[in-house]
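The model shown is predicted, which means the values in this text are computed figures rather than measured ones. Each chain gets a letter, A, B and so on, in the order the sequences are listed, and its residues count up from 1.
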Protein chains: 2
Amino acid sequence: MPPVASFVEVLPDSDFPLENIPFGVISTAQQASPRAATAIGTYAVDLLVLAKAGAFEGPQLGNGVAERVFGQPALNEFMSLGRSAWREARSTIQATLSETGPSKLRGNKTLQAEVLKPLNSVQYHMPAQIGDYTDFYASKEHATNVGVMFRGKENALMPNWVHLPVGYHGRASSVVVSGTPITRPSGLILNPQTKAPEFSTSKKLDYELEVAAFVGIGNTLGDSIPVSQADDHIFGLALMNDWSARDIQQYEYVPLGPFLGKNFGTTISPWIITLDALEPFRDPTPASYLNAGTYDAYDVKLEVAIKPPSAEKPTVVSRSNLKYMYWSFKQMLAHHTINGCNMRAGDLLGSGTISGPTPESLGSLLELSKNGSEPFQLTADDTRAFIEDGDEVVMRGYCERDLDGHRIRIGFGEARGKLAPPKPAPM
Amino acid sequence: MPPVASFVEVLPDSDFPLENIPFGVISTAQQASPRAATAIGTYAVDLLVLAKAGAFEGPQLGNGVAERVFGQPALNEFMSLGRSAWREARSTIQATLSETGPSKLRGNKTLQAEVLKPLNSVQYHMPAQIGDYTDFYASKEHATNVGVMFRGKENALMPNWVHLPVGYHGRASSVVVSGTPITRPSGLILNPQTKAPEFSTSKKLDYELEVAAFVGIGNTLGDSIPVSQADDHIFGLALMNDWSARDIQQYEYVPLGPFLGKNFGTTISPWIITLDALEPFRDPTPASYLNAGTYDAYDVKLEVAIKPPSAEKPTVVSRSNLKYMYWSFKQMLAHHTINGCNMRAGDLLGSGTISGPTPESLGSLLELSKNGSEPFQLTADDTRAFIEDGDEVVMRGYCERDLDGHRIRIGFGEARGKLAPPKPAPM
Ligand SMILES: [Ca+2]
Ligand SMILES: [Ca+2]
Ligand SMILES: [Mg+2]
Ligand SMILES: [Mg+2]
Ligand code: NI
């Protein structure tokens, strides 16, 4: 039988059908204080207004809890309620938006006008206050490609890489929501001629195509999250562009890792897609031999597009897939906490650049242009080796499959950011 | 003439004379909600109660501002008010506690009983909510010593080291206040015989003697903090023990830097010492040729002591000094933001292990025991190569000099932590 539909129109290629129900934080011209929202078709759904209208009566979100957690400017407290509360919210919202469910919203045009806001009219905010952001390095193809370029074929993949998901701490303060401009950074860069470091604006501005997991339920310092329970600790996934200045990174990263080459900005998509929504899209190819049979990879089609200032539309430059990850988010979370490191609701775990086995599926310009040595044709007018001032980088992701004879499609929306020219050096 | 004294007794070797006025967060049995405090002699001074009593009338802290910022469970909002407000608070508190100042507190025994709490009766809390924590590597002696051990004499100091203060992102969630137990971590460790990684508890548990700066005033993403203005952005300094599991660190750190070998716990002292209090202790030896003549190093004597479970008292194992830092906190802050990375009030910048030029001044056991190969006599009964379960590590710091014929001494208090045995592996 066909899946239940929403009374709100959802076109077949929409990212946000009734099966999705992502979570984010929005404000509007009428309601300037940021609050929780979901999306259906081309509308944002104001969850605070819905909560005030009494839509959440269930065991965990009733008694004013929904009003409290959805009225906050970040989802952290909602995340910390746990998976049963996330499921209660999702199923309540699905019922409220369905064409057959309770008529509280469906039968009330006045309430609909307050609750449903066209997506193109809302302001997005960071969905959570990120306490700590960790970036991993979980695509074997990417790690190998970069290793060959930076350290040669012999040392491309370090011996530890297949034994644990390699990761490092990133900067939480500079993670920004889609649409926030990114300024081209300056720093010390090695002059290839003189072999001396020079202060300069970055000439190798790159993106990294990533997916990031938001932690929902954390753990106490000293305890660990077992890999078998890790899914219940993950609230959901978002798209992430880990902007990278390759020349700054290359000079600074030995021996303590990436720093200023990364922390000038990281863009995430505004909507967090829950693991429950992604459940039908688990990839039947096991992610790794650590957990054979548990299908921890998700089949999420990913693409990167670049829109130069001169062009009307972005041009797709890469098509990859979340299933190319060698390490799963469950494994990252289990590894991250095996030493007792504590996670908190809202913490962010990046996948690392997701490159696939084919030339079309490379997740960075470092790989696509071979560190700038092979510029490619972007449009009829433009070639690119790295990102230029005014370029807008747009990442998209979606799942699609036939389920019970019907096509199901769930989208991530966009992570979008435009590169602004460098500012003058401080004095 | 002698410096102004407090009406509260301050013994000559106290860390907290009237010249200090550190800031921290405490709670007491009677007042369970954490609030701002300072310290004088052997007493904590409840700044919320003092604010409610009307002690802060000045331009920035009057009109309820002091009550608001000192009533919060972290100093972040006070920090974000800026250096003129920090100075107003310090001078108001000094006048209130002096034996010649206004008699509001001095002449009111009832208020004194509410405001002054014996230090040994208060509960310390994290002085700020740390948004991001960055650890640097600013002692040339330490960087060289470690480089020799991990990479050999040829590659000890990387070429970039003298050109910029090398740093990496740490984990904010696991920074804990003095007194919090630290659990021995487990992880993947290379077996030196088989050369294969094995899951094990860490056998090389170390401390790192550091001093950390709290950022007071931040900057907007895309902007930079010039080195000439950096001092006004730094709220103050605290002692820090960057606990490190050397065997976990050694296996994981290539190519993206330290991660689980560090993020299981970092201990800071409860009191933040302002740069204004430290002003008389600037070291006349320039910290580096970058800013010759500005005396950015502070002469702060530092020591590390270890108390094994069997001993009554800690034994000092190292005596170092903050002036051994090659890079200053000003330089770290200017470097950290040169790419537009944004700082926020409460962010923490660690100095890196502070080792000096002599064998007595090594800031880690890695250096003291030559990576465990040369255990040393700790007490008559005990030798140590690394930290053992039940050991308590105590770091102390103080400045001392003769000023105008009078000895001035300002202390940092303690950063103290006891190592708890490992927990069983998760299942
Ligand atoms: Ca990355
Ligand atoms: Ca350190
Ligand atoms: Mg980034
Ligand atoms: Mg640490
Ligand atoms: Ni005198």
Verdict with reasoning, Tyr253(A) to Tyr168(B), per side-chain contact (heavy atoms from CB on, under 4.5 Å): CA-CA 9 Å; Tyr253(A) 92 105; Tyr168(B) 67 101; over 6 Å; no
Worked check of side-chain contact (heavy atoms from CB on, under 4.5 Å) between Leu221(B) and Phe264(A): CA-CA 7 Å; Leu221(B) 185 64; Phe264(A) 58 92; 5.7 Å; no
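- Residue contact with chain B, scored on non-hydrogen atoms closer than 4.5 Å, is absent for Arg184(A).
- Note on Asp132(A), Asn160(A), Ile338(A), Thr183(A): by heavy-atom pairs under 4.5 Å with chain B, the leading option is Asp132(A).
- Listed here is the closest heavy atom pair of Leu256(A) and Gly167(B): CB-O, 4.5 Å.
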Intermediate values then yes/no, side-chain contact (heavy atoms from CB on, under 4.5 Å), Met343(B) and Ser173(A): CA-CA 7 Å; Met343(B) 295 283 142; Ser173(A) 70; over 6 Å; no
Worked check of side-chain contact (heavy atoms from CB on, under 4.5 Å) between Leu260(B) and His336(A): CA-CA 7 Å; Leu260(B) 301 191; His336(A) 206 321; 4.2 Å; yes
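- Looking at Asp347(A), only its side chain comes within 4.5 Å of chain B, counting heavy atoms on both sides.
- If you measure heavy-atom distances from Pro255(B) to chain A, the contacts under 4.5 Å come from both the backbone and the side chain.
- Of the residues considered (Arg171(A), His335(A), Arg344(A), Lys423(A)), Arg171(A) shows the highest number of contacts with chain B, using heavy-atom pairs under 4.5 Å.
- Residue Thr201(A): no heavy atom, backbone or side chain, is found under 4.5 Å from chain B.
- Under the 6.0 Å cut-off for aromatic ring centres, Tyr133(A) and His169(B) do not qualify, their centroids lying 6.0 Å or more apart.
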